Protein chains: 2
Amino acid sequence: MDLNDRKFKILEAIITDYIKTAEPIGSRTIAKKYDLGVSSATIRNDMSDLEELGLIVQPHTSAGRIPSDRGYRLYVDKMMQSQELSPEVADLLHNVVENNIGQIDYLMQQTAKALAALTNYTIVVTEPKSQKLSIKHVQLVPVDERSVVAVIVTENKSVKNHLLRVGSVPDIEQLNNISQAINAAIQNYSLQDMESIASAMLQAHPENRELVTKLLKAILTAVKQNDNVHYYTSGVNNILGFPEFSDVEKAKSIFRALEEKDMLITLFDKNGEHNDEVHIVIGGENNMKELQDCSIVRADYSYGNDSYGTIGVIGPTRMNYSQTVSVLSAIIKNLETVIKSISDGKNKEGKNG
Amino acid sequence: MDLNDRKFKILEAIITDYIKTAEPIGSRTIAKKYDLGVSSATIRNDMSDLEELGLIVQPHTSAGRIPSDRGYRLYVDKMMQSQELSPEVADLLHNVVENNIGQIDYLMQQTAKALAALTNYTIVVTEPKSQKLSIKHVQLVPVDERSVVAVIVTENKSVKNHLLRVGSVPDIEQLNNISQAINAAIQNYSLQDMESIASAMLQAHPENRELVTKLLKAILTAVKQNDNVHYYTSGVNNILGFPEFSDVEKAKSIFRALEEKDMLITLFDKNGEHNDEVHIVIGGENNMKELQDCSIVRADYSYGNDSYGTIGVIGPTRMNYSQTVSVLSAIIKNLETVIKSISDGKNKEGKNG
DNA sequence: GTTAGCACTCACAACGATTGAGTGCTAACA
DNA sequence: TGTTAGCACTCAATCGTTGTGAGTGCTAAC
């Protein structure tokens with residue numbers, strides 16, 4: 001069976017209508033609302049064919065049709081028109097990135113928040129994560145008489161604080177000396193060779209054994225923490241706004257799924273490398289049964305050379321794919337442009353290793 | 001009308017039963033379940049009296065009784081037995097604090113999470129906030145060729161990072177010099193006198209005008225940000241578990257309320273100073289209409305000398321007050337003990353100003 | 001003060017009838 | 001061969017009716 005132009009139009013009508021109303025669409029509605037020049041009986045015949053192809057389904061005998069996962073898939077792959085963003089929205093997205101680019105965690109949070117507000121769906125943003133992590137710089141900063149913060153800057157520009165509690169805190173000069181020494185040691189030895197770094201450090205600063213030991217431990221923790229995916233969510237409650245989730249049990253199971261970290265790993269599983277496309281996973285195409293009624297639109301953004309994160313939009317299968325893809329592409333582009341403009345200096349000067 | 005012993009017992013029966021089941025309790029149920037030695041008719045008479053006093057209400061004519069806000073209030077103030085925590089729970093609470101005391105944001109998050117898991121209610125924790133904020137130490141740390149992190153340590157031991165983007169980043173030695181200079185300047189002038197600090201700094205480091213300007217701005221932001229209440233929530237979804245909120249609209253309105261920052265300010269409004277009591281606000285006693293079906297149990301914890309935060313537990317009016325108060329008191333005690341043990345050195349040595 | 005007994009109330013569930021949106025099929029038409 | 005009008009059929013949703021049972025308030029007697 002072939003899909004002629006009219007059948008495509010009917011499928012599109014069903015999908016766009018259903019996205020708007022969440023109600024099954026009947027043949028008469030299509031005949032009246034869309035000017036196809038044929039009667040409802042003809043549309044009925046076409047709908048029967050579309051159903052045979054598995055593109056639409058009937059919730060029950062005496063109801064209209066709604067799109068199936070396969071129907072959405074065809075729509076998304078072949079029929080969907082890309083949507084122009086309004087200048088206001090484009091501006092808003094640009095500003096979110098521009099204003100928060102300095103603080104990576106703020107940036108992630110604000111990005112998620114803005115996308116949630118714009119799309120009305122649920123947003124998950126993962127922090128950029130580098131494949132190979134290396135420590136770039138370490139600095140000790142005094143906090144009070146018993147604690148020092150180790151500020152650890154990694155190659156992929158994440159800045160993390162680790163508070164170290166010690167018996168007594170050396171003065172600032174000494175802290176600077178230790179900081180300098182650890183930076184030198186990290187340059188000289190590979191991070192794998194913690195033994196050598198430790199012994200070198202302890203030899204040079206025997207009077208601050210406790211501090212140095214804890215510092216090294218913090219650095220190890222930082223390296224290990226890199227394996228943890230940090231992520232931010234926003235708009236989780238938007239789920240409750242959709243009639244398909246007005247059943248509390250359904251909403252709860254989705255919430256539970258979104259709370260689990262492993263879920264995200266499954267969901268955002270790259271099956272390989274970062275790439276530039278926007279990925280769409282529709283309904284049952286993902287294999288988590290709690291999210292079978294949801295679709296996920298996601299895209300990676302690169303952050304520096306080999307570091308990247310993911311932004312995912314989670315909504316009902318009946319989501320506005322076209323708008324979502326536009327907004328997502330726009331924010332990714334903004335992120336990458338601004339990030340690139342910052343790190344441009346780096347390649348030219350090429351000082352640091 | 002007076003409340004004799006039996007009436008108290010009946011009220012208590014109604015409250016404890018309703019907390020468990022969320023169903024109205026009838027006179028026969030009480031007669032059977034609680035051995036009061038009187039018939040249901042007698043209990044009926046007493047219940048009628050309790051209703052006249054406004055301590056219980058009937059949802060409709062042919063239903064049992066449920067406690068009113070005033071009933072809960074009487075129970076909480078006069079009748080409630082304090083509950084011993086099991087050693088496991090006590091241990092868990094202790095460990096949460098002990099293991100995370102170093103990183104204040106982690107500590108808040110983990111505390112909220114643990115309480116949410118233990119109580120099954122919604123937890124809101126505000127970061128400790130000082131009345132008067134002063135900057136204790138500033139340190140610049142290089143990130144890449146275009147950016148520097150300003151690590152700002154405040155008197156109440158919060159450590160915040162601000163990323164500064166500049167045309168070119170001076171070498172580490174210079175960064176240390178500038179850090180030292182700003183620390184000195186902050187010591188010499190009051191923070192109110194930013195003018196003087198700025199001119200002194202710019203005079204001393206004219207070649208890093210951009211960096212110094214941005215640094216000063218970051219410091220100002222840090223001071224201002226202190227006015228913002230930072231808070232962490234956990235267990236928001238627990239709301240959906242309670243039958244009284246199984247109506248999606250109700251749940252949504254509560255979620256919306258919890259999302260609003262101003263709500264918290266209203267909710268946690270201290271009407272004055274920090275004190276040691278656990279406060280309980282029952283149902284309509286708070287004046288936010290979205291939360292009229294919720295109760296709030298909250299307590300302040302002090303963090304250092306004049307800095308304190310608040311932990312709030314939000315649940316249905318039908319919440320287990322006794323357990324909640326126990327858990328909350330325990331975590332507050334843990335927090336304060338551990339915090340005190342850390343800062344003990346401070347008062348003895350009394351070095352820094 | 002307590003209790004048994006009884007009439008009364010009212011939410012809730014079950015049932016059946018009605019409605020209406022929507023379909024599939026058939027026969028006729030271009 | 002594609003299109004259409006017409007008609008019988010299906011079935012979720014709505015609505016009124018009825019029965020049921022948990023629970024009350026009142027009264028009279030103990």
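Chain A is the first sequence line, chain B the second, and so forth, proteins listed ahead of strands; every chain is numbered from 1. Quantities reported herein were computed from a predicted structural model and do not represent experimental measurements.
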Please lay out, stage by stage, how B/L50 and B/K7 fare under the test side-chain contact (heavy atoms from CB on, under 4.5 Å). CA-CA 7 Å; B/L50 288 171; B/K7 282 180 189 163; 4.3 Å; yes
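- Between A/R73 and A/D69 no salt bridge is recorded (no basic side-chain N to carboxylate O distance below 4.0 Å).
- Position along DNA chain C of the nearest nucleotide to B/P59 versus B/V38 favours B/V38 as the more 5'-ward residue.
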Under the 3.5 Å Watson-Crick or G-U criterion, the dot-bracket string of DNA chain D, with | for inter-strand pairs: ||||||||||||||||||||||||||||||
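- One finds no salt bridge joining B/E259 and B/R256 here, because no Lys/Arg side-chain nitrogen approaches an Asp/Glu carboxylate oxygen to under 4.0 Å.
- Between B/D17 and B/K33 there is a salt bridge, since a side-chain N of the basic residue sits under 4.0 Å from a carboxylate O of the acidic one.
- Electrostatic pairing of B/E290 and B/K250 does not count as a salt bridge here, judged by no charged N lying under 4.0 Å from a carboxylate O.
- Taking atom CD1 of A/I43 as the reference point, atom C1' of D/dT4 lies 12 Å away to the nearest angstrom.
- Sparse packing is recorded around CG of A/D35, with 12 or fewer heavy atoms of other residues, nucleotides or ligands lying under 6.0 Å away.
- For the pair B/L36 CG and C/dT3 P, the computed distance is 11 Å after rounding to whole Å.
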Where protein sits on nucleotides 11-30 of chain D, one letter per nucleotide: B base, S sugar-phosphate only, - none, heavy atoms under 4.0 Å: BS---------BSBB-----
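- In this structure, B/S39 reaches the sugar-phosphate backbone alone: every heavy-atom distance under 4.0 Å involves primed, P, OP1 or OP2 atoms, never a base.
- Here A/D5 pairs with A/K9 in a salt bridge; the nearest charged N to carboxylate O distance falls below 4.0 Å.
- With 3.5 Å as the limit, one finds no donor-acceptor pair spanning the side chains of B/T317 and B/Y72.
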